[in-house]
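Encoded as structure tokens, here's the structure I'll be asking about.
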Amino acid sequence: MIAIIDYDTGNTRNVKKAMDFLAIPNTLSADPDVILKADGLILPGVGAFGKAVEALKARELIPVLKDAAQSGMPILGICLGMQLLFDRSFEFGETAGLGLIPGEVVAIPENLGVKVPHMGWDQNQVTQSDPIADGFDQQATYFVHSYYVKTKPQYILAENDYGIKMPSIVRNQNVIGMQFHPEKSGRIGLNGLAAFKELVSNGNYSRN
Amino acid sequence: MLAKRIIPCLDVDHGRVKKGVNFVHLTDVGDPVAIAAAYEKQGADELVFLDITATNEKRPAIVDTIEKVAGQVFMPLTVGGGIHSVDDMQRLLKAGADKVAVNSAAVRDPSLISAGAEKFGAQCIVLAIDSKWDPKKQRYTVYVNGGREATDLDVIEWAKQGVAAGAGELMVTSMDKDGTKSGFDIPLYQALTAAVRVPIIASGGCGKITDFNDVFKQTDVDAALAASVFHFGEFTIPDVKAALKKDGVTVR
């Protein structure tokens, strides 16, 4: 069973719809018992970083998510859910994140001559081969974000070029993030969710 | 680099697609799910659903339509028409819409844009504008109520005001071009893209494949919307994308 963290954010139900369409057993939950007993977690997210952290805190989910990650459970953060996996964000002041992948979340610079938000279909280039990322190489997926992640190359599996290189898929062992919306990226995106399910089923991860 | 988006627009009247779609052999030409799936297969980058239901009692049907489409078709969905409140937005977003477009109601009460952006994020809020050139005043005038009623607003100024209030995208229909099949309104989109930095969807006037090349080569719009040329199979989305690609325009 994959638990989709239910904390009142925009894309939660669309992630569930995609999982249902793929016939992957899943449940929407904010219950620590359900979350810690799941085989894998999806952390969706749309909107502002600070508000999302507040919503997770209000449901006392921050320690639960950290415990789950520590136990080796596969976790997939989507869009803002990916950004929440990092140490901190500078969106409307500094806010601490979950700290599951080293790095920080900063604004897309306005001097690049590109429009912000980065909204629409953009192509992914895989920088490290990985079962989670390989299906996305040279494929376009749907993005909507005004902030991006700065992290070390070792955690980046794929990126896109929007005036600067921005990570589109990240991974630190069992903790994975997708900056785009796999639930809104057609067949390519659904394949990514199915790849996460495979990883959950195979236990193909380690926590050194 | 972001791909330029090609967006079919579906008119929905209490849950049924009007101006039936016949580019593929659908058993039910008015079924929104079947039509959305067919457009997904063609490579549409996004779908716009325009609720043209006249009566408020039948309005909830669009929520049900979006719920069904979002369970079967996995691409960005935008809904416009008859959205008057943050509650209306909430119902549609919860049903599976990714963005909501406000038009007349935002003109009457611009705080609707900021209230929606604050609650759901600017990326969810599309400001739809119906524009008509006023030769006397030498400016584009904003029209409301389905283009039936002129306002005092200048399109460019209203666009700036809407973006300042929190609109994350503009969907601008040229009433001068709509239905003429003579191409998109290039000067309008040149003026708009010079005035604001949010993504802009061009709408109205598309009649042939090269109209897409013209709007993307001559203006900085991010997306182009069309209805009848796609619905009636005059040409297909792959036709448009092939022509754009040949012309050096990035498409998916």
Side-chain angles (χ1 to χ4, degrees), chain A residues 8-22 45-49 51-52 79-80 91 108 110 112-125 138-147 160-163 166 180-193, chain B residues 1-7 37 39-47 66-78 89-90 92-100 117-126 163 168-170 193 196-201 220-223 241 250-252:
Chain A
D8 197 26
T9 186
N11 59 338
T12 312
R13 293 189 68 250
N14 281 331
V15 172
K16 178 160 181 49
K17 281 181 171 145
M19 298 293 277
D20 288 346
F21 183 81
L22 292 166
V46 167
F49 194 98
K51 271 192 181 172
C79 193
L80 178 64
E91 186 175 0
I108 299 173
E110 286 190 6
L112 297 172
V114 295
K115 294 186 185 184
V116 178
H118 176 229
M119 176 156 81
W121 297 83
D122 206 347
Q123 201 168 40
N124 297 278
Q125 278 88 39
Q138 308 305 319
Q139 300 288 342
T141 51
Y142 188 73
F143 292 83
V144 186
H145 60 121
S146 301
Y147 286 72
N160 42 50
D161 188 349
Y162 194 59
M166 300 193 293
F180 51 83
H181 287 277
E183 79 280 12
K184 285 286 165 181
S185 297
R187 178 43 63 183
I188 295 291
L190 295 180
N191 289 346
L193 292 173
Chain B
M1 210 161 66
L2 282 175
K4 298 293 184 183
R5 286 172 279 152
I6 306 299
I7 307 177
Y39 275 125
E40 183 180 47
K41 212 170 164 193
Q42 273 207 8
D45 297 305
E46 187 168 330
L47 290 175
I66 295 303
E67 183 86 47
K68 282 184 191 146
V69 172
Q72 298 294 320
V73 173
F74 299 93
M75 70 166 136
L77 307 175
T78 301
M89 295 176 182
Q90 171 121 333
L92 288 163
L93 293 169
K94 214 172 168 187
D98 299 278
K99 302 184 242 183
V100 287
E118 203 165 292
K119 186 152 172 80
F120 310 111
Q123 81 288 339
C124 281
I125 310 300
V126 180
V163 171
E169 186 168 47
L170 303 178
T193 51
V196 297
R197 289 299 296 159
V198 299
I200 294 175
I201 303 171
D220 194 24
V221 296
D222 303 83
K241 290 194 172 182
T250 305
V251 289
R252 182 167 68 101

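None of these values were measured; they are calculated from a predicted model. A note on names: the letters A, B, ... follow the listed sequences, proteins ahead of strands, and every chain is numbered from 1. Values reported hereafter were calculated over all heavy atoms of this structure, with side chains retained and with hydrogens, waters and symmetry mates removed.
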Chain B contact via A/Lys51 - which portion, at a heavy-atom distance below 4.5 Å:
side chain
At a 4.5 Å cut-off on heavy atoms, which part of B/Lys4 comes close to chain A: side chain, backbone, both, or neither?
neither
Do A/Phe143 and A/Phe180 have their ring centres less than 6.0 Å from each other?
yes
Heavy-atom cut-off 4.5 Å, strictly under: side chain, backbone, both or neither for B/Glu67 against chain A?
both
May I ask you to check whether A/Phe49 and A/Tyr147 place their ring centers less than 6.0 Å from one another?
no
Chain A shares the most heavy-atom pairs under 4.5 Å, among B/Lys94, B/Glu46, B/Lys119, with B/Lys94
Under 4.5 Å heavy-atom distance to chain B, tell me which part of A/Ala18 shows up: side chain, backbone, both or neither.
both
Below 30° counts as parallel, above 60° as perpendicular, anything between as tilted: where do the rings of A/His118 and A/Tyr162 land?
tilted
Among A/Asn160, A/Asn124, A/Asp122, the one residue meeting side-chain hydrogen bond (donor to acceptor under 3.5 Å, both in side chains) with A/Thr141:
A/Asn124
Check B/Arg197 with B/Asp220, please: is the shortest side-chain N to carboxylate O separation under 4.0 Å?
yes
Options A/Lys184, A/His181, A/Met119, ranked by heavy-atom pairs under 4.5 Å with chain B, top entry
A/Lys184
What part of B/Lys99 lies closer than 4.5 angstrom to a heavy atom of chain A: side chain, backbone, both or neither?
side chain
Above 12 or not: heavy atoms from other molecules or residues under 6.0 Å from CD of A/Gln138?
yes
Side chains of A/Trp121 and A/Ser185, heavy atoms from C-beta outward: is any pair under 4.5 Å?
yes
The interface call for B/Arg5 against chain A, heavy-atom contacts under 4.5 Å, is side chain
Tell me, for B/Asp98 versus chain A, whether the close heavy atoms (under 4.5 Å) come from the side chain, the backbone, both or neither.
side chain
The interface call for B/Ala95 against chain A, heavy-atom contacts under 4.5 Å, is backbone
Looking only at heavy atoms and a cut-off of under 4.5 Å, which of B/Gly121, B/Pro76, B/Gly168 has the most pairs with chain A?
B/Pro76
Rounded to the nearest 0.5 angstrom, the CG-SG distance for B/Leu93 and B/Cys124 is 5.0 Å
